[in-house]
J.: 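Handing you this structure, nothing more for now.
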Amino acid sequence: MNGLTLPVRATDDGGQMRDPLALLEAAGTAAITAAFGRPFDPVVRRSQREQFGDFQINGAMAIAKEVGRPPREVAQTIVDHLSLGDAVEKVEVAGPGFVNVTLRPSWLGAAVEAAASDARLGVAVVGAPETVVVDYSSPNVAKEMHVGHLRSTVIGDALVRVLGYLGHQVVRQNHLGDWGTQFGMLIEHLVDQGLDGGGIADLNALYQEASQRFKDDESFAERARKRVVALQGGDPSTLARWDALVAESQRHFEMGYARLGVTLEPGDVRGESFYNSLLDETVAELESLGLLRMDEGALCAFPPGFTGRDGTPLPLIVRKSDGGYGYAATDLAAIRYRVRELRATRIAYVVDARQGHHFAMLFAVAQQAGWLEGVRAEHVAFGTILGPDGRPFRTREGDTVKLADLLSEAVERAAAVVADKSPELSDAEQAAVARAVGIGGVKYFDLFNDRVKDYVFDWDRMLAKEGNTAPYLQYAHARIRSMLRRAEAEGCVPAGPVVVEHPAERALVLALLGFNDAVHTTAQHLEPHRLCTYVFEVASEFTAFYESCPVLRAESDALRSSRLLVAALTARVLATGLDLLGIETPERM
RNA sequence: GCCCCCGUAGCUCAGCGGACAGAGCAGGUGCCUUCUAAGCACUUGGUCGCAGGUUCGAAUCCUGCCGGGGGUGCCA
């Protein structure tokens with residue numbers, strides 16, 4: 001165990017720490033440093049069993065080995081040096097050298113009050129904000145968005161929200177596929193049809209027709225190739241159609257983003273074409289660094305450690321043998337631009353896991369070029385959405401599923417549930433709830449598992465009222481809101497001091513105080529499922545609390561005020577947590 | 001061939017160096033004159049793919065194997 005690598009957990013500087021984990025880590029580290037003259041990771045964890053208290057400090061066993069003393073003695077030494085004031089009720093050494101910590105109810109209550117009076121709900125802003133470029137969504141021009149774009153868009157947007165909430169400067173980058181040889185056939189086809197590229201109802205049809213003709217009609221294919229040259233050469237009428245095509249596609253994307261509730265805006269678009277003017281200088285720089293050489297007619301980089309089928313070095317092809325630049329050149333120009341112009345200190349590529357190899361090579365070359373000094377470039381990989389047959393998700397006819405159709409079906413299915421469960425709501429409100437539940441269901445289902453894994457698309461599960469789903473979470477939130485409205489009508493006001501007595505009350509409070517940690521670890525790992533797990537825990541603990549702890553009918557006014565405050569904080573944590581995931585929380589449902 | 005990812009309860013998955021492995025779904029048993037039952041409580045269910053190794057301690061780290069998926073020079 002390396003004692004020098006300490007967990008970096010941001011804490012607010014607003015006085016008393018409200019996150020028990022952060023508090024214990026700070027106190028644990030201080031105690032260890034004081035006792036042993038150097039810091040070790042105190043290894044603070046939530047206790048899995050009630051008998052072991054609320055938290056445990058597990059570092060003693062590892063430290064014992066380092067300092068050559070018995071583990072229980074080390075544990076006791078840590079306990080002796082712990083300075084936690086009135087935060088703890090009981091600290092004891094147990095087993096081979098565990099330190100079990102039970103927090104004092106009064107401290108927990110005060111911490112909840114502090115979180116409730118904080119606009120950030122106890123979530124600290126990072127001490128050292130980074131400039132984080134997040135590359136996500138990135139659909140292709142002249143194609144409608146389909147399921148293949150769902151994951152990047154949804155995961156990327158959740159990450160962007162989380163990072164922004166923590167005070168990082170986030171730069172969204174929608175790396176549109178707006179350039180490449182396919183535009184030759186598309187534009188040539190437009191010309192043949194007498195179209196200028198605007199107002200196209202069915203982009204997919206356009207693409208399919210063009211692509212069909214390209215395959216079947218050699219003279220068309222020849223003209224398409226010439227059209228590519230014209231486009232690259234900046235021919236005005238060709239460029240005008242290309243522009244129109246891009247603008248038309250963007251209109252479609254904007255509609256999709258609006259329906260999905262995604263924060264991407266037109267200004268975030270920096271498509272492949274944006275880098276055209278930077279390709280020459282990017283490649284020239286790599287050449288001057290001696291990183292490129294000709295191989296089989298192509299200009300390549302050979303980052304160390306990558307070998308192909310036959311064991312020979314594997315190239316990253318920067319310039320193709322036909323003289324044109326490939327996607328690697330664009331990606332290299334983009335990484336350079338993001339570091340130099342956007343001043344990124346962290347770059348996250350929310351892209352399909354299947355491109356892992358490409359990104360590994362890309363980062364390796366960028367590293368060799370010296371572009372990643374002090375910059376973390378990460379491939380935020382995600383798995384494939386599968387159909388019931390275990391193959392990539394498609395329609396019964398074998399076509400890709402259009403995102404617009406998928407979202408429509410989600411809302412329709414949700415609407416049926418709403419009509420069944422909440423007939424008392426107005427039509428307009430039912431429709432709004434159906435949208436929130438349907439879209440939220442799709443998004444949450446995409447977020448709640450470890451992103452690198454594939455998952456099987458399943459309508460029934462993502463819209464299920466029970467279990468770890470968006471509807472369950474939204475419902476939990478809505479019932480709290482309902483209760484709070486009633487409290488207000490009855491003139492009851494949430495107020496401290498917060499009583500932490502009942503086991504369910506205590507469990508809920510501990511969950512609420514974990515918000516800071518949940519958001520920070522999500523940002524560190526760029527894994528939204530961690531936040532999902534957290535939000536579900538809060539909702540579960542709340543419903544348990546709700547069953548066993550009367551709020552409005554609490555046995556005393558003081559208890560009622562206290563529980564109202566806990567409930568109000570719960571609603572805000574749920575709403576904020578879900579909002580960070582990009583999911584709406586209706587007031588009633 | 002080589003590289004990457006995955007293999008945990010019937011199903012879908014958390015956990016990824018710490019005390020007897022957790023949750024949801026499905027199954028079983030209860031709970032609506034009481035704050036929204038789109039809910040809750042209790043319960044059945046596991047050689048953590050297999051075999052070695054490191055460690056006081058391994059589902060978690062290392063090695064090898066088995067099974068599944070993906071990638072592997074001019075598409076992105």
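Letters A, B, ... mirror the listed sequences (proteins, then strands); counts begin at 1.
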J.: For A:Ala360, report the nucleic acid contact type (base, sugar-phosphate, nothing); a contact means any heavy atom under 4.0 Å.
T.: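 Touches nothing.
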J.: A:Ser422 side chain to A:Leu425 main-chain N or O, any donor-acceptor pair under 3.5 Å?
T.: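 No, because the side chain of A:Ser422 does not come within donor-acceptor range (under 3.5 Å) of the backbone of A:Leu425.
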J.: Mind checking the P distance from B:U60 to B:C48? Whole angstroms is fine.
T.: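 The same atom, P, in both gives a distance of 10 Å.
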J.: Given the P atoms of B:C42 and B:G24, what is the spacing between them in whole Å?
T.: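 Per the computed distance, 10 Å lies between those P atoms.
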J.: Let's see if you can work this out: which of B:G39, B:A14, B:A19 has an atom nearest to the side-chain heavy atoms of A:Glu547?
T.: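 Among B:G39, B:A14, B:A19, the one nearest the side chain of A:Glu547 is B:G39.
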J.: State whether A:Thr533 places a side-chain N or O below 4.0 Å from either non-bridging phosphate oxygen (OP1 or OP2) of B:A14.
T.: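 Checking B:A14 against A:Thr533, no side-chain N or O comes under 4.0 Å of OP1 or OP2.
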J.: State whether A:Arg319 places a side-chain N or O below 4.0 Å from either non-bridging phosphate oxygen (OP1 or OP2) of B:C74.
T.: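 Checking B:C74 against A:Arg319, no side-chain N or O comes under 4.0 Å of OP1 or OP2.
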J.: Using a strict threshold of under 4.0 Å (side-chain N to carboxylate O), is an ion pair present between A:Lys443 and A:Asp446?
T.: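 A salt bridge is absent here (no side-chain N lies under 4.0 Å from a carboxylate O).
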J.: Figure out the NE2/P separation between A:His502 and B:C35, and round it to whole Å.
T.: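 The answer, rounded to whole Å, is 18 Å.
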J.: Within the 4.0 Å heavy-atom criterion, would you say A:His529 contacts the bases, only the backbone, or no part of the nucleic acid?
T.: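 Counting heavy atoms under 4.0 Å across all strands, the contact made by A:His529 is with sugar-phosphate only.
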J.: Taking the side chain as every heavy atom from C-beta outward, state whether A:Phe302 and A:Asp295 have any pair of such atoms under 4.5 Å apart.
T.: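 Sidechains of A:Asp295 and A:Phe302: in contact.
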J.: Can a side chain N or O of A:Arg461 be found less than 4.0 Å away from OP1 or OP2 on B:C13?
T.: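 For A:Arg461, the contact criterion (side-chain N or O under 4.0 Å from OP1 or OP2 of B:C13) is not met.
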J.: Looking at B:A38, B:C74, B:C6, which one has an atom nearest to any side-chain atom of A:Lys320?
T.: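 The listed nucleotide nearest to A:Lys320's side chain is B:C74.
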J.: Once you round it to whole Å, what is the distance between P of B:C20 and CD of A:Glu50?
T.: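 Nearest whole value for this atom pair: 18 Å.
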J.: Sub-3.5 Å donor-acceptor pair from the side chain of A:Arg588 to the main-chain atoms of A:Ser482, do we have one?
T.: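 A pair under 3.5 Å: no.
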J.: Of all the nucleotides listed (B:G15, B:A19, B:A38), which has the minimum atom distance to the side chain of A:Arg530?
T.: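 My answer, after comparing the listed nucleotides, is B:G15.
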J.: How close or far is atom P of B:G18 from atom CE of A:Met61, stated in whole angstroms?
T.: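 These atoms are roughly 9 Å apart.
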J.: Given 3.5 Å as the limit, does a donor-acceptor pair link the side chain of A:Glu378 with the main chain of A:Ala348, or not?
T.: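 Not a single qualifying donor-acceptor pair exists.
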J.: Taking the six-membered ring for Trp, does A:Tyr472 stack with B:A38 (centroid gap under 5.5 Å, planes within less than 30°)?
T.: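 No, A:Tyr472 does not stack on the base of B:A38.
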J.: What's the OH-C1' distance between A:Tyr455 and B:G24, to the nearest Å?
T.: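 Roughly 17 Å, once rounded to whole Å.
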J.: Tell me whether the OP1 or OP2 atom of B:G17 has a side-chain N or O from A:Arg45 closer than 4.0 Å.
T.: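 The answer is no; no side-chain N or O of A:Arg45 sits under 4.0 Å from OP1 or OP2.
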J.: Find the distance A:Leu314:CG to B:G73:P and express it as a whole number of Å.
T.: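 Nearest whole value for this atom pair: 6 Å.
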J.: Could you tell me the separation between the CD atom of A:Gln474 and the C1' atom of B:U36, rounded to a whole number of Å?
T.: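 My rounded result for the distance is 15 Å.
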J.: Tell me whether A:Arg485 is salt-bridged to A:Glu587, with the criterion being a basic N under 4.0 Å from an acidic carboxylate O.
T.: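 Between A:Glu587 and A:Arg485 there is a salt bridge, with a charged N closer than 4.0 Å to a carboxylate O.
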J.: I want to confirm an ordering. Mapping A:Val551 and A:Cys300 to their closest nucleotides on RNA chain B, which one lands closer to the 5' end?
T.: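 It is A:Val551, whose closest nucleotide lies nearer the 5' terminus.
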J.: Would you sketch RNA chain B in dot-bracket for me? Only Watson-Crick or G-U wobble pairs with both distances under 3.5 Å count, crossing pairs as [ ], other-strand pairs as |, the rest as dots.
T.: (((((((..((((....[...)))).(((((.......))))).....(((((..]....))))))))))))....
J.: Roughly, in whole Å, what's the span from CD in A:Glu66 to P in B:U55?
T.: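 One finds 14 Å between P of B:U55 and CD of A:Glu66, rounded.
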J.: Atom CG of A:Asp454 and atom P of B:C5: how far apart are they, to the nearest Å?
T.: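 Distance, rounded to whole Å: 14 Å.
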J.: Between the main-chain N or O of A:Ala298 and the side-chain N or O of A:Ser321, is there a donor-acceptor pair closer than 3.5 Å?
T.: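 Side chain of A:Ser321 to backbone of A:Ala298, a donor-acceptor pair under 3.5 Å: no, none is there.
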J.: Evaluate whether the aromatic ring of A:Phe52 and the six-membered ring of the B:A19 base sit under 5.5 Å apart, centre to centre, with an inclination under 30°.
T.: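 Yes.
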J.: Does A:Lys453 put a side-chain nitrogen or oxygen below 4.0 Å from OP1 or OP2 of B:G7?
T.: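 Result: yes.
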J.: Report yes if a side-chain nitrogen or oxygen of A:Lys421 is closer than 4.0 Å to either non-bridging phosphate oxygen (OP1 or OP2) of B:U36; otherwise report no.
T.: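 It does not, given that no N or O in the side chain of A:Lys421 lies less than 4.0 Å from OP1 or OP2 of B:U36.
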J.: Using the C1' atoms only, state how far B:G18 lies from B:A76, rounded to an integer number of Å.
T.: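 Rounded to whole Å, the distance is 44 Å.
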J.: Salt bridge check: are A:Asp352 and A:Arg151 linked by an N-O gap of less than 4.0 Å?
T.: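 Between A:Arg151 and A:Asp352 there is no salt bridge, as every charged N stays at least 4.0 Å from the carboxylate O atoms.
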J.: Does a nitrogen or oxygen in the side chain of A:Arg49 sit under 4.0 Å from OP1 or OP2 of B:G22?
T.: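 A:Arg49 to B:G22 OP1/OP2: side-chain N or O found under 4.0 Å.
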J.: Does a side-chain N or O from A:Tyr475 land closer than 4.0 Å to OP1 or OP2 of B:A38, or not?
T.: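 A:Tyr475 to B:A38 OP1/OP2: side-chain N or O found under 4.0 Å.
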